Amino acid sequence: MKVLVTGGTGFIGSHTCCELLDADYDVVVIDNFSNSKSDVIDKIKKITGKDFKFYEGDVCDKSLLNKIFSENKIDAVIHFAGYKAVGESVAKPLMYYRNNIDSTLSLLETMNEFGCKKIAFSSSATVYGKPKSLPIKEDFSLSTTNPYGSTKLMIEDILRDLYVSDNDWSIAILRYFNPIGAHKSGLIGENPNDIPNNLMPYIVKVATGELECLSVFGNDYDTPDGTGVRDYIHVVDLAKGHIKAIEHILNSRGVDAYNLGTGHGYSVLDLVKTFMDVNGVNVKYKITDRRPGDIDACYADPSKARDILGWEARLGIEDMCRDAYNFVKNVKED
Ligand code: UFG
């Protein structure tokens with residue numbers, strides 16, 4: 001079976017390519033390196049000992065998509081490519097809508113033309129907005145608070161409309177909670193060049209001395225220790241969820257959304273303290289004001305993915321903290 005992975009050199013995409021290759025899928029990747037580095041390609045090959053085809057370019061480029069589908073008989077697509085920074089999306093909404101929606105429309109049109117109607121889409125728990133209760137189930141109402149989230153929800157709507165128009169489609173919408181961690185080899189992981197927006201990359205940069213002090217955004221939330229609670233999931237577990245989703249859509253028709261989370265919530269301080277314990281390093285932090293737009297707590301009910309896809313997260317926050325640090329130490333030694 002041949003799977004096209006858009007954004008296959010990114011954080012989640014690269015780990016998913018490894019899992020696909022390990023499971024003996026043929027893999028074809030398209031990426032423009034807008035938020036990744038080209039050396040990831042060789043690292044995926046090194047980890048898996050397997051080769052795959054790579055096309056450098058933009059998913060908005062229909063002529064390139066046409067070439068890829070003409071040169072390869074694609075059975076299914078995993079669509080990761082897209083901009084993903086919440087703050088940047090507020091500052092540059094047109095760039096976000098243009099890129100994320102345009103690329104998806106180009107991809108879906110091309111898939112339709114080539115009769116490839118199986119896709120797993122990278123969505124996000126951001127589509128739940130401020131959830132009415134916890135844990136979050138897939139049938140909760142959907143709303144968004146920033147352009148990035150709106151692009152995810154719009155694409156979900158496009159996919160649902162597409163299925164209504166043509167019941168031959170098989171579509172898995174995968175709603176990620178908070179992916180962190182890295183591959184155990186230490187070769188691939190998350191290492192943003194800019195000052196990170198997300199918690200784990202920031203913790204790591206404080207631990208390595210690149211940044212001085214972590215700001216903990218608020219300790220007056222309605223949570224056990226007052227700091228924000230999230231459902232952190234190891235990126236390798238998340239990647240394995242995509243393999244289960246591909247197996248499912250290859251053998252079914254329909255459109256369905258699945259939460260990919262662990263079902264456990266950890267606070268900012270839980271994560272900071274576990275990181276320090278597991279890695280034996282200090283992470284200096286201070287409590288600051290809340291970050292606008294943040295919610296108290298967010299964690300999944302992952303039972304639908306367990307019952308229908310046969311997938312469950314297995315790794316804990318100790319693994320996530322250890323692997324995230326191991327990766328960045330490795331990068332610095334390179
Ligand atoms: N936090 C800090 N200090 C930081 C960064 C984050 O205290 O420097 C806190 C936040 O306030 C929050 C928690 O750490 O309580 C997690 O924050 P992240 O930025 O790591 O993650 P979010 O839950 O805000 O965002 C993530 C994804 C988004 C997605 C969103 C909702 O990064 O893409 O979940 O699903 F939209």
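Worth saying up front: this structure is predicted, and the values here are computed from it rather than measured. Start at 1 and go down the list; that is how both ligands and their atoms are numbered. The analysis underlying the following values was restricted to heavy atoms, covering all of them including side chains, and did not include hydrogens, waters or symmetry mates.
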contact_flag [X] ligand 1 heavy-atom lt 4.0 Å:
| X | value |
| --- | --- |
| S124 | yes |
| Y221 | no |
| Y266 | no |

- Below 6.0 angstrom between ring centroids: does that apply to Y258 and F121? no
- Message: Is the distance from the ring center of F275 to that of Y325 below 6.0 Å?
- Response: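 Yes.
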So which bit of [X] gets within less than 4.0 Å of ligand 1, heavy atoms only: side chain, backbone, both or neither?
| X | answer |
| --- | --- |
| V268 | side chain |
| D294 | side chain |
| V229 | neither |

- Item | From CA spacing to verdict: side chain to side chain donor-acceptor pair (under 3.5 Å), R175, Y128 | CA-CA 10 Å; R175 295 183 181 145; Y128 294 114; 2.8 Å; yes
Who gets closest to [atom] by heavy atom: [options]?
| atom | options | value |
| --- | --- | --- |
| atom 33 (O) of ligand 1 | Y232, Y128, Y148 | Y148 |
| atom 1 (N) of ligand 1 | Y176, F217, Y285 | F217 |
| atom 17 (O) of ligand 1 | R175, R291, R230, M200 | R291 |
| atom 22 (P) of ligand 1 | T223, D231, N178 | N178 |

Where ligand 1 meets [X] - atom numbers and elements under 4.0 angstrom, heavy-atom basis:
| X | result |
| --- | --- |
| V216 | 7 (O) |
| N197 | 5 (C), 19 (O) |
| A125 | 35 (O) |

- Just wondering, more than 12 heavy atoms not from D222 lying within 6.0 Å of its CG? no
- Message: Geometry only, no angles: is L199 polar-contacting ligand 1 at N/O separations under 3.5 Å?
- Response: yes
- Query: Should S215 be counted as touching ligand 1, given the test is an N or O pair under 3.5 Å?
  - Reply: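 By distance alone, the answer is yes.
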- Task: Check the hydrophobic clustering (I, L, V, M, F, W, Y; side-chain heavy atoms under 4.5 Å; chains of links allowed) and say if I74 and L105 are grouped together.
- Result: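 Shared cluster, yes.
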- Message: Does anything in residues 80-92 form a side-chain hydrogen bond (donor to acceptor under 3.5 Å, both in side chains)? List the pairs, not counting sequence neighbours.
- Response: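 For residues 80-92, and leaving out neighbouring residues, the side-chain hydrogen bond (donor to acceptor under 3.5 Å, both in side chains) pairs sorted by first residue read E88-Y96.
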- Would you indicate whether the side-chain heavy atoms of V5 and V27 approach each other to under 4.5 Å? yes
- State, yes or no, whether a side-chain contact exists between C298 and V229 at a heavy-atom distance under 4.5 Å.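 C298 vs V229: side chains apart.
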- Can you pull out the closest protein heavy atom to atom 18 (P) of ligand 1? Residue, atom name and distance to 0.1 Å, please. N198 ND2, 3.5 Å
- Looking only at protein heavy atoms, identify the closest one to atom 36 (F) of ligand 1 and say how far it is in Å.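 For this ligand atom, the closest protein heavy atom is T126 CB, 3.1 Å.
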- Message: As a quick check of understanding, evaluate side chain to side chain donor-acceptor pair (under 3.5 Å) for S14 and T9, giving each step before the final call.
- Response: CA-CA 5 Å; S14 57; T9 66; over 6 Å; no
I'd like a table of donor-acceptor pairs (distance under 3.5 Å, sequence neighbours excluded) in which one partner is a side-chain atom from residues 287-295, with atom names and distances.
from: T288; atom 1: OG1; to: V216; atom 2: O; distance (Å): 3.4
from: R290; atom 1: NE; to: D220; atom 2: OD1; distance (Å): 3.0
from: R290; atom 1: NH2; to: D220; atom 2: O; distance (Å): 3.0
from: R291; atom 1: NE; to: D294; atom 2: OD1; distance (Å): 3.3
from: R291; atom 1: NE; to: D294; atom 2: OD2; distance (Å): 3.0
from: R291; atom 1: NH1; to: N197; atom 2: O; distance (Å): 3.1
from: R291; atom 1: NH2; to: D294; atom 2: OD1; distance (Å): 3.3

- Query: So which of L238, N259, I233 actually passes side chain to side chain contact (heavy atoms under 4.5 Å, CB included) with Y176?
  - Reply: L238
